[in-house]
Amino acid sequence: MATVLIPKKNLSDKERWICLYPAYLNSKKSCSEGRRLPKAKCVENPSYVEIRDVLTDAGCKPIVENKVYPRESNKYDVMYRGRIRVQLHNDDGALVNDKFPTRESLLLYLGEMIPKMKSRLQKQAVADSAGSQQGGAGGKDKRKGKKKR
């Protein structure tokens with residue numbers, strides 16, 4: 001029986017970098033659908049663009065790939081596309097960025113920083129102002145589901 005020698009890949013090879021999908025941080029997903037953090041530390045519908053922007057601001061060099069998370073039910077929706085690869089270790093095993101020793105620390109950082117992005121704050125401000133303008137003299141029925149006699 002012949003033995004096949006497989007060359008060992010370096011930690012700097014892109015195939016050895018960790019993969020992040022937006023589903024890992026999505027607070028609307030369950031754990032069985034792919035969420036990896038507690039809901040309190042997740043973000044509502046993060047995009048790969050937001051993850052990429054936060055990682056580049058943190059000093060990482062992410063690579064975006066046009067892939068879909070395998071557990072995603074809606075594979076053809078553009079909103080759920082995107083896989084981000086990030087290098088955690090150099091070839092000698094040293095950390096690339098001391099702030100992120102593990103994948104979980106990177107996910108926690110993303111869950112903390114994405115809501116603070118300008119684009120998220122602007123969307124929230126627009127939604128708040130639209131909600132305050134609509135409130136007014138609406139003739140709501142106070143009976144809450146009781147039928148008329």
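We find that E65 and R83 are joined by a salt bridge, their nearest charged nitrogen and carboxylate oxygen being less than 4.0 Å apart. Salt bridge E72/K29: present, at least one basic N to carboxylate O contact under 4.0 Å.
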Please table the atom pairs, donor to acceptor, closer than 3.5 Å between any side-chain atom in residues 95-103 and protein atoms at least two apart or in another chain.
unit_1: N97; atom_1: OD1; unit_2: K99; atom_2: N; d: 3.3
unit_1: N97; atom_1: ND2; unit_2: A58; atom_2: O; d: 3.1
unit_1: T102; atom_1: OG1; unit_2: S105; atom_2: N; d: 3.2
unit_1: T102; atom_1: OG1; unit_2: S105; atom_2: OG; d: 3.4
unit_1: R103; atom_1: NH1; unit_2: C19; atom_2: O; d: 3.2

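Side-chain atoms of T56 and K61, non-hydrogen and from C-beta on, never get closer than 4.5 Å to each other. Within the 4.5 Å cutoff, the side chain of P22 has heavy atoms near those of the I51 side chain. Looking only at side-chain heavy atoms (C-beta outward), L121 and K116 stay at 4.5 Å or farther from each other. M117 places a side-chain heavy atom less than 4.5 Å from the side chain of V54. For the pair V86 and L106, the minimum side-chain heavy-atom distance is below 4.5 Å.
Taking Y24 as the reference, Y21, Y69 meet the ring pair (Phe, Tyr, Trp, His ring centres under 6.0 Å) condition, with sequence neighbours excluded. For Y48, the ring pair (Phe, Tyr, Trp, His ring centres under 6.0 Å) criterion is met by no residue, not counting sequence neighbours. In terms of the side chain to side chain contact (heavy atoms under 4.5 Å, CB included) criterion, residue partners of E15 (sequence neighbours excluded) are, by chain and number, K9, D13.
Closest heavy-atom contact between G111 and V43: O-CG2, 3.9 Å.
For the atom pair CZ of R16 and CG of L88, the computed distance is 11.5 Å after rounding to the nearest 0.5 Å. Summarising the geometry, atom OG belonging to S73 is positioned 7.0 Å from atom OH belonging to Y80; distances are rounded to the nearest 0.5 Å. Once rounded to the nearest 0.5 Å, the distance linking CG of L20 with CG of L55 reads 6.5 Å. Here the straight-line distance linking atom SG of C42 with atom CG of L108 works out to 9.0 Å at 0.5 Å rounding. In this structure, CZ on R35 lies 7.0 Å from OG on S30, to the nearest 0.5 angstrom.
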Q. Passes side-chain contact (heavy atoms from CB on, under 4.5 Å), L37 versus L110? Steps please.
A. CA-CA 11 Å; L37 294 177; L110 288 169; over 6 Å; no
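Under the 3.5 Å distance criterion, the side-chain polar atoms of D92 are matched with a main-chain donor or acceptor of A94. Although no hydrogens or angles enter the test, the distance criterion places no donor-acceptor pair under 3.5 Å between the side chain of D91 and the main chain of N10.
V64 and V68 fall into different hydrophobic clusters, where Ile, Leu, Val, Met, Phe, Trp and Tyr residues are linked whenever their side-chain heavy atoms come under 4.5 Å apart, directly or through other members.
The hydrophobic cluster containing I63, built from Ile/Leu/Val/Met/Phe/Trp/Tyr side-chain heavy atoms closer than 4.5 Å, also comprises W17.
Summarising the local packing, NZ of K67 is surrounded by 12 or fewer heavy atoms from other residues, nucleotides or ligands at distances under 6.0 Å.
The stretch residues 36-50 participates, sequence neighbours left out, in these salt bridge (Lys or Arg N to Asp or Glu O under 4.0 Å) pairs: K28-E44, E50-R120.
The closest side-chain donor-acceptor pair between R81 and N66 falls under 3.5 angstrom.
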